[in-house]
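Reading through the structure tokens given below for one structure.
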Amino acid sequence: METFDHKLFRRVHGLAVRQVESTLTDAEHAELETLLLESGAARRLYVEYSQETACLRWMCLEEYAGTDRATPAGAPVAIADRPRIGRRRVVAILAALACSVLVVIAANWMPRSNQAEKIAQAAPGVDALAPIAESVATVTGLKSAHWLEAAEEGRLLARCRIGERWQLDAGQAELTFDSGVLVTLFAPADFDILSPTSIRCRRGRVTALVNERGKGFTVETPQGKVVDLGTQFGLDIADDGETEVVVFQGSVDLAPEMGEIRRMEQGDAMLLKNSGEVQRLVSLRRDNYLGGGDRDPSYSPLIADVRDNIRQNQSLKSYQIVYGGMNEDALCFVDRDHEWNGIDEAGLPKFLLGADYIMPFNDDKFVEDLELSVELSRPAMLYIFIDNNMQVPDWLREQFEDTGVDIGLDGAKTEWHPANSLGVGAGQSVDFPFSVWRRAVREPGVVKLGGLTPPAIGSRSLGFNMYGIAAADLGRDAEVAVP
């Protein structure tokens, strides 16, 4: 992992203090921007200490945010009635606190000369001569980003204000709200900042990572609202307004324009249609929401789709397809945080590294009449990983062959296994061995898979899991001698 030395820390620290004191020169601003562009460690600390700065600002500003007013003699002084601390004194307090932690931008990065015009364009009816809108977030990451209008506010470290409309024409951008919420937008995206805890998105893909302090963060879409309950979730808003909602961790409340509020949990995904209908989203590409843009653009995915026979009203879970994602510590299931790993320090077998794979639902280990349809876009070697605690089903024996190779599952902490914890890397904290089975599929098309028979009641204390699914190019495992 990238780190930075004390010399770099001191330099970033000094620049941050000058930011807080509003004494940063143009040259120093450029230097800080370069440091954050070139150093992943600096960017991670920048985001981390942005959250610390937000706490300090709340402590020093919000506690004394009430207007001056007279207080009857002898009456208790409420927080809102305490005398307001002067702005210069608050800045001095923050600067002093910055000597012990690396605080970051609280200054205004957008030229005021065009601010009134921008606010008027984004929010018609807002008084352009009124005090400048509150800054509530910072641009903390850009990747091949191009804004529809080349403006100052689109640069790294720019501050984002309530009422502004942002239109990302290409690439992706990352905003860190002062509350600690991290929002990533993928072009083409068109959104407004409504408040310190909400945005309105007209189109584009959005992911939000929300910590404890950011609970309640809201994204408005043409088809409704998504209210976070402490989670990581994604949205994909089509040009016609239809909206996909997927929960990667935690839970959200989905409030469609028409219909009742629905609680969505980890692994759930839904489609909000223009007709007002809400449908289960059966499968999705995980990297559409969580990056993956570094992959070779010429890469041709092997897994085109996956479907099941679960009726619409029985599940909201969505299969997630991960292209090229089979590596150490890859997530196994959409509804658990378990990870795939090599069974020992030798790691995952080479023929699986970088394979496409599917994240199914671990709870489907109980569905004996399950039918999965995996669509392959081209010839491939299809793999099934089956828990060695499970009975090998007939469909697997008949259609696949055992490679004799095992991989491991590192079990995350759950209510059933409270002592579990996740390790990092090959052979670390492996809790369940899985046998790898294979089948050569020489023509594009659909392969049918079945369900599992759960272990007998007396043996369930050992634990058991749903099978895994992966696909790789034919011939990659030629060195494996199948009995």
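Side chains included, hydrogens not; waters and symmetry mates left out as well; all remaining heavy atoms used.
- Between Phe191 and Trp166, the ring planes are parallel. Angles under 30° get that label, and only those over 60° would be called perpendicular.
- In this structure, a donor-acceptor pair under 3.5 Å is absent between the side chains of Gln428 and Asp329.
- Taking the six-membered ring for Trp and the full ring otherwise, the centers of Phe366 and Phe464 sit less than 6.0 Å from each other.
- Side-chain contact, Gln320 with Tyr289: no donor N or O sits under 3.5 Å from an acceptor N or O.
- Between His146 atom NE2 and Leu168 atom CG the span is 9.5 Å, to the nearest 0.5 Å.
- Distance CE/Met264 to CZ/Phe233: 10.5 Å, rounded to 0.5 Å.
- Salt bridge status for Asp308 with Lys317: absent, with no side-chain N to carboxylate O gap under 4.0 Å.
- Screening Gln223, Arg203, Met270 against Thr243 for a side chain to side chain contact (heavy atoms under 4.5 Å, CB included) leaves a single residue, Gln223.
- Side-chain contact, Ser283 with Asp305: a donor N or O sits under 3.5 Å from an acceptor N or O.
- Sorted pairs that involve residues 254-287 and meet ring-ring contact (aromatic ring centres under 6.0 Å, His included), not counting sequence neighbours, are lacking altogether.
- Ring geometry for Phe351 against Tyr383 counts as parallel: the plane angle stays under 30°, on a 0 to 90° scale with 60° as the upper cut.
- For the pairing with Tyr467, the ring pair (Phe, Tyr, Trp, His ring centres under 6.0 Å) check across Trp395, Phe333, Phe432 returns one residue only, Trp395.
- Of the possible donor and acceptor atoms, none in the side chain of Asp192 sits under 3.5 Å from a partner among the backbone N and O of Gly163.
- A side chain to side chain donor-acceptor pair (under 3.5 Å) with Asn465 holds for exactly one of Asn389, Asp387, Asp431; it is Asp387.
- In summary, Asp363 and Arg336 engage in a salt bridge, as defined by a charged side-chain N under 4.0 Å from a carboxylate O.
- Remark: Asp473 engages Arg378 in a salt bridge, criterion side-chain N to carboxylate O under 4.0 Å.
- Among residues two or more places apart in sequence or in another chain, the side chain to side chain contact (heavy atoms under 4.5 Å, CB included) test is passed with Ala304 by Glu375, Ser377.
- At a cut-off of 3.5 Å, with distance as the only test, no side-chain donor of Asp335 or Gln266 sits close to an acceptor on the other residue.
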